[in-house]
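Every chain is numbered from 1 and lettered A, B, ... according to where its sequence line falls, protein lines coming before strand lines. For clarity, every value in this text was computed on a predicted model and none was experimentally measured.
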Protein chains: 2
Amino acid sequence: MPAPLASKDEIIDRLFTVFRDHGFEGASLSDLSRATGLGKSSLYHHFPNGKTQMAEAVLERATSVIDSDIAGVTKLGIPLKARLHKVVATLEQMYAGGRTACVLGQLASSNASAEVRQGLRIAFDHWIGAIESLALESGMPAERAHHFSRDWIAWVQGSLVMQAATGETASFQRAMDALVALSGE
Amino acid sequence: MPAPLASKDEIIDRLFTVFRDHGFEGASLSDLSRATGLGKSSLYHHFPNGKTQMAEAVLERATSVIDSDIAGVTKLGIPLKARLHKVVATLEQMYAGGRTACVLGQLASSNASAEVRQGLRIAFDHWIGAIESLALESGMPAERAHHFSRDWIAWVQGSLVMQAATGETASFQRAMDALVALSGE
DNA sequence: GTCTATAATAGGATAGAC
DNA sequence: GTCTATCCTATTATAGAC
C-alpha cells in the first residue's frame with residue numbers, strides 16, 4: 001500500500017518498477033493498480049490504451065533517464081575517467097549492484113505491441129550512442145567503438161539475466177570495471 | 001495445427017519452443033495445447049502440476065541438450081579448434097544465427113516457481129562448466145577462465161535480448177567469433 | 001492417453017456516479 | 001481525477017466419458 005502520489009511522473013515511476021520486476025505479460029492491471037495506489041479506472045484515465053500505453057510511457061521515461069544520467073554525463077566538462085565513474089555509479093544504483101532486472105530487457109523479452117518495440121529501439125539506441133561516444137573519446141577506433149558499445153551493453157543485459165538465474169552479480173561488476181577501464185588501465 | 005506426435009520428448013520439444021518464444025507468463029495453456037496438438041486435459045495427464053511442471057521438463061531437456069551438444073563436444077578426441085567450431089555451429093543453429101530467444105533467458109526473466117529457478121541454475125551451471133573447460137584447455141589461467149565463461153555466456157544472453165529489441169545479430173556473431181578465437185587468433 | 005464439457009478465477013477494459 | 005460496479009474474455013485447472 002504505497003503512499004499517495006502527486007504527479008504523472010510519480011505514477012510512471014511506480015509503473016516502471018512493476019514492468020521491471022514482472023515483465024509485460026507478468027504485470028497485471030491489479031499489480032499496476034496496487035503499485036500506483038490508483039484504481040484501474042484511474043489508470044485508464046491517464047493511459048486510455050491500457051497496459052501498452054503504460055509500457056510506452058515507462059520506456060519514454062527510461063529513455064529520458066538514459067539521456068540525462070548517461071548521455072548527459074558524457075558531455076560534462078570533467079575528465080573522461082570521472083565521467084566513466086559517474087556513469088558506472090548511475091548504473092550501479094539503477095540496477096542495485098546487478099541484483100535488479102532491466103526494464104528494457106524485460107520488455108524486449110515480451111511479445112509486446114509495435115509501439116513498445118519502437119520505444120525499446122529508441123531507448124537502446126540512446127544508450128548505445130552514449131557508450132559509443134565514451135569509447136571514441138577514449139581513443140578507440142570508430143569500428144571498435146561501434147562494436148564495443150553494443151557488446152558491452154549486451155554484456156550488462158546478459159549479466160542481469162544470469163543474475164536472475166544464478167544470483168551471481170560478479171559478471172555485472174566486471175562489466176562495470178570494463179567500462180571504467182576505457183580511461184586506460 | 002502441428003502433425004501428431006509420438007513420444008514425450010516430442011511433446012517437450014514443442015513446449016520448448018512456446019516457452020522460448022513467449023516466456024513463462026506469456027505461454028498460455030492454449031498456446032501449449034496448440035503447439036503440441038494435445039488437449040489441455042492431455043497436457044495435465046503428462047504434467048499434473050501444470051505449466052510449472054512443463055517448464056521444469058523443458059529445462060531438464062535444455063540441460064540434456066547442453067550436456068550432449070556442448071559439454072559432450074568438449075570431450076571429443078579432436079583438436080580444440082575443431083571442437084570450438086562445433087560448439088559455435090550448435091549455438092548458431094540453436095539460436096538461428098542470433099535471431100531466436102534463449103529459453104533459459106526467457107524463463108530467468110519470469111517470476112516462476114522455485115523448481116523452475118532450480119532448473120535454471122542447473123542448466124546455466126552445466127553450460128558455464130563446458131565453456132570454462134574449453135577456456136582452460138586453450139591455456140587460459142584458471143581465474144580468467146572462470147570469468148570468461150560467465151562473461152561470455154552473459155554476452156550471448158544479452159546479444160539475444162538486444163536482438164529482440166533492435167533486430168541486430170552482429171553482437172551475437174561477434175560473441176561466436178570470440179569463442180572460436182580461444183584456439184589462438 | 002485422449003477427448004468434451006465445465007468449473008472457478010483472474011485478466012483487461014468500460015460505464016457512470018461523485 | 002478518482003471511485004465502485006460491472007462486463008467479457010481468457011486462463012488455469014478438473015471431472016468424467018471413451
Side-chain angles (χ1 to χ4, degrees), chain A residues 1-59 106-107 109-117 119, chain B residues 1-59 106-107 109-116:
Chain A
M1 39 229 69
L5 35 70
S7 70
K8 188 138 184 176
D9 270 1
E10 272 180 40
I11 297 175
I12 294 174
D13 280 345
R14 310 246 181 132
L15 298 175
F16 187 106
T17 67
V18 179
F19 284 117
R20 182 197 63 195
D21 294 342
H22 302 295
F24 186 76
E25 286 88 355
S28 72
L29 282 184
S30 304
D31 293 331
L32 297 163
S33 170
R34 204 175 320 114
T36 54
L38 293 176
K40 294 180 187 178
S41 303
S42 303
L43 285 176
Y44 274 91
H45 171 76
H46 292 285
F47 309 98
N49 284 354
K51 242 172 90 168
T52 296
Q53 195 175 355
M54 297 181 212
E56 291 169 49
V58 163
L59 285 175
Q106 287 281 39
L107 292 175
S109 304
S110 76
N111 292 336
S113 69
E115 292 84 14
V116 169
R117 305 196 77 75
Chain B
M1 39 226 71
L5 36 71
S7 69
K8 188 137 184 177
D9 270 2
E10 272 180 40
I11 298 175
I12 295 173
D13 280 345
R14 310 245 181 132
L15 298 176
F16 188 106
T17 66
V18 180
F19 283 117
R20 181 196 64 196
D21 294 342
H22 302 295
F24 186 77
E25 286 87 356
S28 72
L29 282 183
S30 304
D31 293 332
L32 298 162
S33 171
R34 204 177 318 114
T36 54
L38 292 175
K40 295 176 189 179
S41 304
S42 303
L43 284 177
Y44 274 93
H45 171 77
H46 292 286
F47 308 97
N49 284 354
K51 244 173 86 167
T52 296
Q53 195 176 355
M54 298 181 211
E56 290 170 48
V58 162
L59 285 175
Q106 287 280 39
L107 292 175
S109 305
S110 75
N111 293 337
S113 69
E115 292 83 15
V116 168

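Residues that satisfy the side-chain contact (heavy atoms from CB on, under 4.5 Å) test with A:H46, not counting sequence neighbours, are A:K8, A:I11, A:L38. Remark: B:D31 engages B:R34 in a salt bridge (Lys or Arg N to Asp or Glu O under 4.0 Å) (not counting sequence neighbours). Residues that satisfy the salt bridge (Lys or Arg N to Asp or Glu O under 4.0 Å) test with B:D13, not counting sequence neighbours, are B:R61. Listed by chain and residue number, A:E115 satisfy the side-chain hydrogen bond (donor to acceptor under 3.5 Å, both in side chains) test with A:S113 (two or more places apart in sequence, or in another chain). By the side-chain hydrogen bond (donor to acceptor under 3.5 Å, both in side chains) test, A:S42 pairs with no residue at all, sequence neighbours left out.
Taking atom CG on A:L29 and atom C1' on C:dT9, their separation rounds to 16 Å, with Å as the unit. One interatomic measurement links the two molecules: NE2 of A:H22 to P of C:dG12, which rounds to 12 Å at whole-angstrom precision. If you take CD of B:E25 and C1' of C:dA10, they are 14 Å apart, rounded to a whole angstrom. Atom NE2 of A:H45 is separated from atom C1' of D:dC3 by 13 Å (rounded to the nearest Å).
With contacts defined as side-chain heavy-atom distances shorter than 4.5 Å, the pair B:V58/B:F24 does not qualify. At a threshold of 4.5 Å between non-hydrogen side-chain atoms, the residues B:K51 and B:V116 do not count as touching.
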Quiz: residues 15-23 of chain B side-chain donor-acceptor pairs under 3.5 angstrom, not counting sequence neighbours:
residue : atom : partner : partner atom : Å
B:T17   : OG1  : B:R14   : O            : 2.9
B:H22   : ND1  : A:N111  : ND2          : 2.5

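Within the structure, no pair that satisfies the salt bridge (Lys or Arg N to Asp or Glu O under 4.0 Å) test touches residues 36-48 of chain B, not counting sequence neighbours.
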Using the side-chain contact (heavy atoms from CB on, under 4.5 Å) rule, take B:E56 and B:T52 through it: C-alpha gap first, then chi angles, then the decisive distance, then the call.
CA-CA 6 Å; B:E56 290 170 48; B:T52 296; 3.3 Å; yes
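Listed nucleotides C:dC3, D:dG1, D:dT12 differ in distance to B:L38; the shortest reach to its side chain belongs to C:dC3.
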Under 3.5 Å between N/O atoms: give me all the protein pairs with nucleotides 5-10 of chain D, atom names plus distance.
none

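Here OG1 of A:T36 is found 11.5 Å from CD1 of A:I12. Values are rounded to the nearest 0.5 Å.
Taking side-chain N and O atoms only, B:Y44 has a distance below 4.0 Å to OP1 or OP2 of D:dA13.
Taking every heavy atom of residues 46-56 of chain A and every atom of DNA chain D, pairs under 4.0 Å involve A:H46, by number.
Summary for the helix from C:dG1-D:dC18 to C:dC18-D:dG1: the axes at its two ends, each from 5 pairs, differ by 0° when rounded to the nearest 10 degrees.
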